[in-house]
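Structure record follows, encoded as structure tokens.
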Amino acid sequence: MRIGELSERTGTSRRLLRYYEEQGLIVADRLPNGYRDYDERYVDRVRQIRGLLDAGLPTRIIKQVLPCLDKPRTIYFSDATPEILATLEHERDGMTERIQFLTRNRDAIADYLDAVRGGDRRDVPA
DNA sequence: ATTCTAACA
DNA sequence: TGTTAGGA
């Protein structure tokens, strides 16, 4: 498939797909006309990349982790070097911090909402 | 129509 | 990341 289809099927802009390639996250084959050519495997791969990006991992880290993940949404290291393990532990801690940050803000918003709506009205007052 | 590269009101 | 120019 060409970039347009991959874009639609992954919800990722063509611009971003080219950017991921530029960052070494994905490698596309080229059609005789120069167009990028992707196989089915890339649909999941791109989704996996987006997931890690949303989790807060920088592309440079994803680049190292990517070769260790394939089929489903799992990450497995049979060749986990101590450097990679240390990196992942750091990322894990970063995720934990972001989760706590999000939780605090979500609760603050939830409390605000509960305070504003006297327990009945579901729409925000003008 | 679609995609490509490069570049930035 | 979006958008756009200029080309295939």
Side-chain angles (χ1 to χ4, degrees):
Chain A
M1 71 183 95
R2 292 173 313 191
I3 199 170
E5 187 182 338
L6 183 62
S7 173
E8 297 178 355
R9 293 176 57 178
T10 61
T12 306
S13 70
R14 303 169 209 301
R15 171 78 171 78
L16 232 32
L17 288 174
R18 296 189 183 105
Y19 177 69
Y20 293 161
E21 182 179 327
E22 190 177 274
Q23 298 307 300
L25 268 39
I26 55 179
V27 182
D29 292 332
R30 292 289 179 155
L31 267 30
N33 59 13
Y35 288 6
R36 267 165 270 251
D37 183 38
Y38 308 89
D39 56 75
E40 296 298 312
R41 297 163 34 53
Y42 281 82
V43 176
D44 257 53
R45 168 145 303 198
V46 172
R47 287 177 179 156
Q48 174 66 263
I49 291 173
R50 301 221 61 190
L52 294 173
L53 244 20
D54 285 344
L57 278 71
T59 58
R60 50 160 311 220
I61 299 302
I62 296 177
K63 194 188 309 176
Q64 306 182 314
V65 178
L66 213 52
C68 301
L69 50 82
D70 267 311
K71 306 303 160 57
R73 295 233 165 315
T74 48
I75 300 174
Y76 52 93
F77 285 90
S78 53
D79 59 317
T81 70
E83 294 70 53
I84 293 181
L85 288 178
T87 299
L88 291 178
E89 291 181 337
H90 185 170
E91 292 309 324
R92 175 205 57 194
D93 293 341
M95 284 187 216
T96 298
E97 284 181 34
R98 287 192 289 282
I99 288 173
Q100 300 181 322
F101 176 77
L102 288 173
T103 299
R104 289 204 303 280
N105 285 124
R106 180 207 54 192
D107 292 346
I109 289 175
D111 290 346
Y112 167 77
L113 255 21
D114 287 339
V116 174
R117 35 171 91 138
D120 48 65
R121 198 171 307 174
R122 284 192 300 179
D123 41 301
V124 184

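Chain naming here is simple, since letters A, B, ... match the order of the sequence lines and numbering starts at 1 in each. Atom set for the values below is all heavy atoms of this structure, side chains included, hydrogens, waters and symmetry mates excluded.
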Checklist line | Secondary structure of DNA chain B in dot-bracket form (Watson-Crick or G-U wobble, distances below 3.5 Å, | marking inter-strand pairs) | finding: .|.|||||.
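Between the side chain of A/S7 and the backbone N or O of A/T12, at least one donor-acceptor pair lies under 3.5 Å. A distance-only check finds a donor-acceptor pair linking the side chain of A/R47 to the backbone of A/R9 [under 3.5 Å].
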Protein and nucleotides 1-5 of chain B: nitrogen or oxygen contacts under 3.5 angstrom:
residue	atom	partner	partner atom	Å
B/dT2	O2	A/Y35	OH	2.4
B/dT3	OP1	A/G4	N	2.7
B/dT3	OP2	A/R14	NH1	3.2
B/dC4	OP1	A/R36	N	2.9
B/dC4	OP1	A/R36	NE	3.0
B/dC4	OP2	A/R18	NE	3.0
B/dC4	OP2	A/R18	NH2	2.5
B/dT5	OP1	A/R30	NH1	3.4
B/dT5	OP1	A/R30	NH2	2.9
B/dT5	OP2	A/R36	NH2	2.1

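Interatomic distance, A/Q64 CD to A/L88 CG, rounded to the nearest 0.5 Å: 9.0 Å. Rounded to the nearest 0.5 Å, atoms CZ (A/R60) and CD (A/Q23) are 12.0 Å apart.
Going from atom CZ of A/R15 over to atom C1' of C/dA5 covers 14 Å, rounded to whole Å. Protein atom OH of A/Y19 is 16 Å distant from nucleotide atom P of B/dA7, rounded to whole Å.
The minimum heavy-atom distance between A/M95 and A/L57, with the atom names listed, is CE-CD1, 3.3 Å. Nearest heavy atoms, A/T59 versus A/L25: O-CD1, 3.5 Å. The shortest non-hydrogen separation linking A/I61 to A/E91 is CG1-OE2, 3.8 Å.
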Between side-chain atoms of residues 26-36 of chain A and protein atoms elsewhere (two or more places apart, or another chain), which donor-acceptor pairs fall under 3.5 Å?
residue	atom	partner	partner atom	Å
A/R30	NH1	A/G34	O	2.8
A/N33	OD1	A/Y35	N	2.8
A/R36	NH1	A/E21	OE1	3.2
A/R36	NH1	A/E21	OE2	3.4

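C/dG6 and B/dT2 have their C1' atoms separated by 15 Å, with the value rounded to a whole Å.
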